[in-house]
Amino acid sequence: MKNPFEQTDGQYIVLINEEGQHSLWPAAMNIPAGWSVALSSSDRQTCMTYITAHWQDLRPQSIRQQQAAVR
């Protein structure tokens, strides 16, 4: 059985959580609690390009806010 997260020809979605973290997710799987769809069903490369463009700071949003408040 193939890993559903590593199929180059599969359909995926991009998820985002309240901390601004992104996740590549197989389109056929249920969305886990705490996550919402940022990009609907697309090929793997399109999803990865979206993640690269929209999630450049890997720190959780709460950490970014704390660090900005200290400055």
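- Val14 and Ile51 make their closest contact through CG1-CG1, 3.7 Å (heavy atoms, listed as atom of the first residue, atom of the second, distance).
- With sequence neighbours left out, Glu18 forms a side chain to side chain donor-acceptor pair (under 3.5 Å) with no residue at all.
- Evaluation of the side chain to side chain donor-acceptor pair (under 3.5 Å) rule for Gln61 yields no partner, not counting sequence neighbours.
- At a threshold of 4.5 Å between side-chain heavy atoms, the hydrophobic network of Ile, Leu, Val, Met, Phe, Trp and Tyr places Phe5 and Met48 in two separate groups.
- By the side chain to side chain donor-acceptor pair (under 3.5 Å) test, Ser42 is found to be paired with no residue, residues two or more places apart in sequence or in another chain being considered.
- Among all heavy-atom pairs drawn from Glu19 and Ser62, the shortest one is OE1-N, 2.7 Å.
- Residue pairs satisfying the salt bridge (Lys or Arg N to Asp or Glu O under 4.0 Å) criterion with at least one member in residues 46-65, sequence neighbours excluded, are listed as follows: Asp57-Arg59.
- For residues 22-43, no pair satisfies salt bridge (Lys or Arg N to Asp or Glu O under 4.0 Å), with sequence neighbours left out.
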Side-chain donor-acceptor distances from residues 22-37 under 3.5 Å, at least two apart:
| unit_1 | atom_1 | unit_2 | atom_2 | d |
| --- | --- | --- | --- | --- |
| His22 | ND1 | Gly20 | O | 3.1 |
| Trp25 | NE1 | Asn30 | O | 3.0 |

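- Taking Gln45 as the reference, Thr49 meet the side chain to side chain donor-acceptor pair (under 3.5 Å) condition, with sequence neighbours excluded.
- Sorted by first and then second residue, the pairs that involve residues 5-16 and meet side chain to side chain donor-acceptor pair (under 3.5 Å), not counting sequence neighbours, are Gln11-Ser41.
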